[in-house]
**Q** 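Following this message is one structure expressed as structure tokens.
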Amino acid sequence: MRPALLQQLKQIVGPEDVLTSDRDLMAYEYDATVEKFLPEAVVFASSTQEVAAVLRLTYQNKVPVVPRGAGTNLSGGTLPVKGGIVLELSRMTRVLTIDTANQRAVVEPGVINLDLQNLLAPLGFTYAPDPASQKVSTMGGNVGEDSGGPHCLKYGVTSNHIVGLEVVLPNGEVIHTGGAVEDSPGYDLTGLLVGSEGTLGVVTKITVRIIRLPETIKTLLGVYDRLEDVGQTVSDIIAAGIIPATLELLDRPVINAVEDSVQAGYPRDAAAVLLIEVDGVGDGLERQADLIVELCQKNKVREVRVAKSAAERDALWAGRRGAFGAVARVRPSYLVQDGTVPRTELAAILRKVLEISAAHNVTVGNVAHAGDGNLHPLFMYDPKDKDEARRVHEAGAEILKACVDVQGTLSGEHGIGLEKQKMMPWRFGPTEMDVMAKVKQVWDPADLLNPGKILPPEYQTAKAG
Amino acid sequence: MLSADAVGRLAGQLAGAAEVQVPDEQATAAWAVRGRRPSLICVPAAPEAVAAALALCDQTGAAVLPWGGGSQQRLGEPPSAYDVALVVRGLDQLVEFEPANLTATVQAGVRLADLQAALGAKGQWLPYDPPVSPAATIGGLLATNPSGPYRLKVGGLRDLLIGTVVATPFGSLAKAGGRVVKNVTGYDLNKLYVGSLGTLGVVVEATFKTSPRPETEGSWYAVFASAAQAGAAVGELLRTSLTPSGLEVLNDRVAAAADLPVPAGRWALLGRASGFRPAVDRHLAEFAKAARRAGAAGAEQLDESAAGRVWSAYAGFACQKRWQDDTLTCRFALPPDSVGRLADLAASHGGEAAVWAQASGAAFWTAALAPGEAGRAVAQLRAAARAAAGALVVENYPADVSDLNVWGPPGGPSELMRAVKREYDPRGILNPGRFVDGI
Ligand SMILES: Cc1cc2nc3c(=O)[nH]c(=O)nc-3n(C[C@H](O)[C@H](O)[C@H](O)COP(=O)(O)OP(=O)(O)OC[C@H]3O[C@@H](n4cnc5c(N)ncnc54)[C@H](O)[C@@H]3O)c2cc1C
């Protein structure tokens, strides 16, 4: 990067907030995926004005910019594949307003998801989307990926909770979309921006919907001997008119990894456990829980545990919360895949995951948001073993193909990023790809913002001008 | 407008793809929008035919108005041109309904009422209850995006829609989303189509999340001296952990139409809860408490048959009043805590004002006004809505009223919205001039 340009960046954000040494940059050459690309500089912005000034400059100089929150995305979303700068937003951490009467809060993009929840809890409110990475992931990143979480079955994903945005366009112009109210006139640009993976604009303020915390929560754990019975239980619960807050599945390999590390008390010989939570007003919740127990029993559950206290609830959750960490201890590393199938296909696809992985001779376990049909096969492997790494990626791709084959999709919540763009044609034809390329064309005609993401390379090239 | 020659040629071409009618003067009246009439009526029977027809219109430069049930065609500015009514009612198939998956895929010409009946046969429904005509189709609803009381509990149409197939002016059929409830595979184009008034493409198929029908429902109403008081009761309820499936504030005229005994000058708060019996009972008890705290004498529970009557009379009135000839209808989009105050303000404008509002922030005002007064009243109310961080859209207005900006300032930069429109409909053939800022 030209020294003059670096100098100008330093003038905007302050000299200490531009990193250029190799040692510093190396911390930004990866995210939670495995590939590596070195940025030319890392720039920390602390206000909308700074973001706008940086983007005006990069626009004039045709420098690519990759917005970044905590860098926990799992699809290569923050990798600077075409060089340029990484624009760090993790210092924009102000919660600007909390308006409980209108169920809204306005936050900056660097606010950590869990920090917002913790701030709202004493007021009796919460921000519902709860990615498992919520202790570290930022609201800007959640918006970028349209993140989900265990509670999305009942409460919906990030896009259902974002009503307005302040965004800096690639040329440095600051715009506002949506607002505090539902249905402002015009196109729903807010909805389009959520999940756009930092390719359309840099989000600098987020207006979110906040909701009342449920009055009562009931947590149950079903222990099963057959995956099919879990699938049928999920269908039966829903058919009975109950939409639980969560329906989380862990299969035997994950159960064993969990027991090796956090000892959640899950039976090691079970085919799977299903973590079920219902919430809402207290009246009648007991009856819902009883009904769920009946439905589990109808489907040959081995055992149902019902949490009788907050401590017991935490114990049941400990295994789910610790699942990724536990899996990480089995082998030097792990890779999490993300696909979605219609709920009714869940048991079959989980079986398929095991078959495909066996065929590729790789170790796998499954965590799934069962109620949403969203599966997360976890491959446990050694990245230094190039052949094993290759087999893991091949198995992952084959699983996603299997998802698409049953009317499922390539990603339920982690995004396309770099990792899955070559698979996009499995799901969408040239027509759809053209329609999506038009979106990019409208917002970022110069192709400077997080270039090289989402669309396959042949659809990425911006039109002249 | 196309020349007679061009119309003739286009009719010949379209006939290869769809049924085409060249209507006489009288027949066009049924397809008139704000005094404008089409030269051709095109009725495709399949999604591919819709795409083919659009491509032909695009090549000719013919202005197209997509037409579902025709029940909400008054929404928007008058079309700046109108050659072809593209009627999608022929797309009337329930494509797939998988109860265990809680999703349903339907063609755009299916009427909401028919979809609900099909889902109801399996104990489910689309949790969406806008007060609309029985003629309203899925395509038309996606384009106009009205909402009903249930929005308070489960969100709006944008939150229920998970997949679309859209016919484009380029002649293609483009999918977005899919049949799974969680999906981040590329840009979320579904959001762009909801409420876009058919200006970007013609939705031919849509997939929704469905829900189990609630085990039971309970309804109740209370009478207040003002909308602000009713709004205070709403505020109390929204601060609790309750999850009502409707909290509607009605002025005396609307309450009377809904068969609620509300004295002149007073307001009703009509509430509903849906779910399992004990939870519904709990809601009813808390409703009464909140109503008393906000100044009502008490709350009256409606028995099942009365509740059915009241809700359907209310929806019927709201729908009929909203789109009636010679009526000025405005929709406010408001933060919940200003709904009561703005409803009081609206009720004081114009004669025979009917005002009804939803706790999630939509409020409606209809009134009889002399043609000269409409513009001023709208300007005043819009200013009040905007001062409360909200917006106001004129949904319907009498034929003798002109010079209204029906949309007001859009919720985002117009240049970007226009750029979106240019990419998706470069020749501007879809509903030209009817949407925000001349789109
Ligand atoms: C252990 C673990 C568990 C996880 N669990 C879940 C889970 O349960 N559910 C789930 O959905 N995901 C999960 N993830 C993935 C990841 O945490 C989410 O995608 C998260 O939202 C990313 O947030 P971040 O702050 O790390 O964003 P980053 O990774 O920094 O960025 C994510 C994307 O958003 C863009 N972006 C970031 N900030 C902005 C901004 N201000 N403006 C515009 N674009 C921006 C980036 O360019 C990038 O494309 C998990 C990850 C890990 C490592």
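Just so we're on the same page: letters track the sequence lines, and every chain starts at 1.
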**Q** Taking every heavy-atom pair that is under 4.5 Å apart, which of A:Gly412, A:Gly429, A:Gly280 has the most such pairs with chain B?
**A** A:Gly412

**Q** Do you know which of A:Asp372, A:Thr100, A:Asp338, A:Leu200 has the most heavy-atom pairs with chain B at a distance under 4.5 angstrom?
**A** A:Asp372

**Q** Under 4.5 Å, heavy atom to heavy atom, which residues of residues 146-164 of chain B contact chain A?
**A** B:Ser147, B:Arg151, B:Arg158, B:Asp159

**Q** Decide yes or no for B:Glu415 and A:Glu173: does some side-chain heavy atom of the first lie under 4.5 Å from some side-chain heavy atom of the second?
**A** yes

**Q** So for A:His414, is it side chain, backbone, both, or neither that comes closer than 4.5 Å to the heavy atoms of chain B?
**A** backbone

**Q** Take a 6.0 Å sphere around NZ of B:Lys122 and say whether it holds more than 12 heavy atoms from other residues, nucleotides or ligands.
**A** no

**Q** At their closest point, which heavy atom of B:Pro278 faces which heavy atom of A:Asp283, and how far apart are they?
**A** O-CB, 3.5 Å

**Q** Are any non-hydrogen side-chain atoms of B:Thr240 and A:Arg212 less than 4.5 angstrom apart?
**A** no

**Q** Looking at A:Ser184 and B:Pro410, would you say the former's side chain and the latter's main chain have a donor-acceptor pair under 3.5 Å?
**A** no

**Q** So A:Val281 and B:Leu242, do their side chains get closer than 4.5 Å, heavy atoms only?
**A** yes

**Q** On a heavy-atom basis, which atom in A:Arg343 and which in B:Val181 lie closest, and how many Å separate them?
**A** NH1-CG1, 3.7 Å

**Q** Which atoms form the tightest heavy-atom contact between A:Ala101 and B:Pro336, and what is the distance?
**A** O-CB, 4.3 Å

**Q** For B:Glu96, is it the side chain, the backbone, both, or neither that has a heavy atom closer than 4.5 Å to a heavy atom of chain A?
**A** side chain

**Q** Could you check if a side-chain atom of A:Leu189 sits within less than 4.5 angstrom of a side-chain atom of B:Leu416, using non-hydrogen atoms only?
**A** yes

**Q** Could you tell me the separation between the OG atom of B:Ser196 and the CG atom of A:Asp188, rounded to the nearest 0.5 Å?
**A** 10.0 Å

**Q** Could you tell me which of A:Gly241, A:Ser235, A:Ser147, A:Gly284 has the largest number of non-hydrogen atom pairs under 4.5 Å with chain B?
**A** A:Gly241

**Q** Check whether A:Leu192 gets within reach of chain B through its side chain, its backbone, both or neither, counting any heavy atom under 4.5 Å.
**A** both

**Q** Between A:Thr177, A:Leu346, A:Leu410, A:Thr409, which has the largest tally of heavy atom pairs under 4.5 Å with chain B?
**A** A:Thr409

**Q** Name the option with the most non-hydrogen atom pairs under 4.5 Å to chain A; the candidates are B:Thr103, B:Val166, B:Thr199.
**A** B:Thr199

**Q** Which one, B:Val436, B:Asp281, B:Leu102, B:Val194, leads in non-hydrogen pairs under 4.5 Å with chain A?
**A** B:Leu102

**Q** Under a 4.5 Å heavy-atom cut-off, does chain A meet the side chain of B:Glu286, its backbone, both or neither?
**A** neither

**Q** Would a distance-only check, ignoring hydrogens and angles, find a side-chain to backbone donor-acceptor pair under 3.5 Å from A:Arg427 to B:Gly177?
**A** yes

**Q** What are the two closest heavy atoms between A:Thr431 and B:Ala174, and how far apart are they?
**A** CG2-CB, 3.9 Å

**Q** Determine the option with the most heavy-atom pairs under 4.5 angstrom with chain B, choosing from A:Asp183, A:Asp146, A:Asp99.
**A** A:Asp183

**Q** Give me the contact list for residues 151-160 of chain A versus chain B, heavy atoms only, anything under 4.5 Å, ordered by residue number.
**A** A:Val157, A:Ser159, A:Asn160

**Q** Please report the C-alpha distance between B:Phe332 and A:Val181 in whole Å, then the side-chain angles of each, then the deciding distance to 0.1 Å, and finally whether the side-chain contact (heavy atoms from CB on, under 4.5 Å) criterion is met.
**A** CA-CA 10 Å; B:Phe332 294 81; A:Val181 300; over 6 Å; no

**Q** Check each atom of B:Glu98 against the heavy atoms of chain A and say whether the ones under 4.5 Å are side chain, backbone, both or neither.
**A** side chain

**Q** Please classify the contact between A:Met436 and chain B as side chain, backbone, both or neither, with a heavy-atom cut-off of under 4.5 Å.
**A** both

**Q** Go through the atoms of B:Val393 and report whether side chain, backbone, both or neither lie under 4.5 Å from a heavy atom of chain A.
**A** side chain

**Q** Can you tell me if CZ on B:Arg277 sees more than 12 non-hydrogen neighbours from other groups inside 6.0 Å?
**A** yes

**Q** Taking every heavy-atom pair that is under 4.5 Å apart, which of B:Pro335, B:Gly123, B:Ala419 has the most such pairs with chain A?
**A** B:Pro335

**Q** Side chain from CB out, backbone as N, CA, C, O: work out which of these in A:Val341 comes under 4.5 Å of a heavy atom of chain B, or both, or neither.
**A** backbone

**Q** State the CZ-CG distance between B:Phe276 and A:Leu285, to the nearest 0.5 angstrom.
**A** 9.5 Å

**Q** Any pair with a residue in residues 158-168 of chain A that passes salt bridge (charged side-chain N to carboxylate O under 4.0 Å, His left out), sequence neighbours left out, goes on the list, sorted by first then second residue, please.
**A** A:Glu166-A:Lys205

**Q** Would you please test B:Glu215 and A:Arg287 for salt bridge (charged side-chain N to carboxylate O under 4.0 Å, His left out) and show each step?
**A** CA-CA 13 Å; B:Glu215 177 187 82; A:Arg287 210 186 92 200; 2.6 Å; yes

**Q** Flag the one option from B:Gly390, B:Ala391, B:Ala100 with the top tally of heavy-atom pairs under 4.5 Å to chain A.
**A** B:Ala100

**Q** Answer yes when B:Arg179 and A:Glu345 have at least one side-chain N-carboxylate O distance shorter than 4.0 Å, and no when they do not.
**A** no

**Q** Testing the basics here: between B:Ser241 and A:Pro214, what is the closest heavy-atom pair and its distance to 0.1 Å?
**A** OG-C, 4.3 Å

**Q** Just give me the residue among B:Arg331, B:Arg282, B:Lys421 that pairs up with chain A most often, heavy atom to heavy atom, under 4.5 Å.
**A** B:Arg282

**Q** With a 4.5 Å cut-off on heavy-atom pairs, point out which of B:Gly411, B:Ala388, B:Pro99 contacts chain A the most.
**A** B:Gly411

**Q** Identify the two heavy atoms, one from A:Glu432 and one from B:Lys175, that lie closest to each other, and give their separation to 0.1 Å.
**A** OE2-N, 2.7 Å

**Q** Does any backbone or side-chain atom of A:Gln288 lie under 4.5 Å from a heavy atom of chain B? Answer side chain, backbone, both or neither.
**A** side chain

**Q** Does any backbone or side-chain atom of B:Leu173 lie under 4.5 Å from a heavy atom of chain A? Answer side chain, backbone, both or neither.
**A** backbone

**Q** Determine the sole option in B:Tyr424, B:Trp407, B:Phe435 for which the ring-ring contact (aromatic ring centres under 6.0 Å, His included) test with A:Tyr187 is passed.
**A** B:Phe435

**Q** Which of residues 182-193 of chain B get closer than 4.5 angstrom to chain A, counting heavy atoms alone?
**A** B:Lys182, B:Asn183, B:Val184, B:Thr185, B:Gly186, B:Tyr187, B:Asp188, B:Leu189, B:Lys191, B:Leu192, B:Tyr193

**Q** Output yes when a side-chain donor or acceptor of A:Asn102 lies under 3.5 Å from a complementary backbone atom of B:Asp337, and no otherwise.
**A** yes

**Q** Heavy-atom distance under 4.5 Å to chain B: side chain of A:Ile416, backbone, both or neither?
**A** both

**Q** With only heavy atoms counted, which part of B:Pro409 is less than 4.5 Å from chain A, the side chain, the backbone, both or neither?
**A** backbone

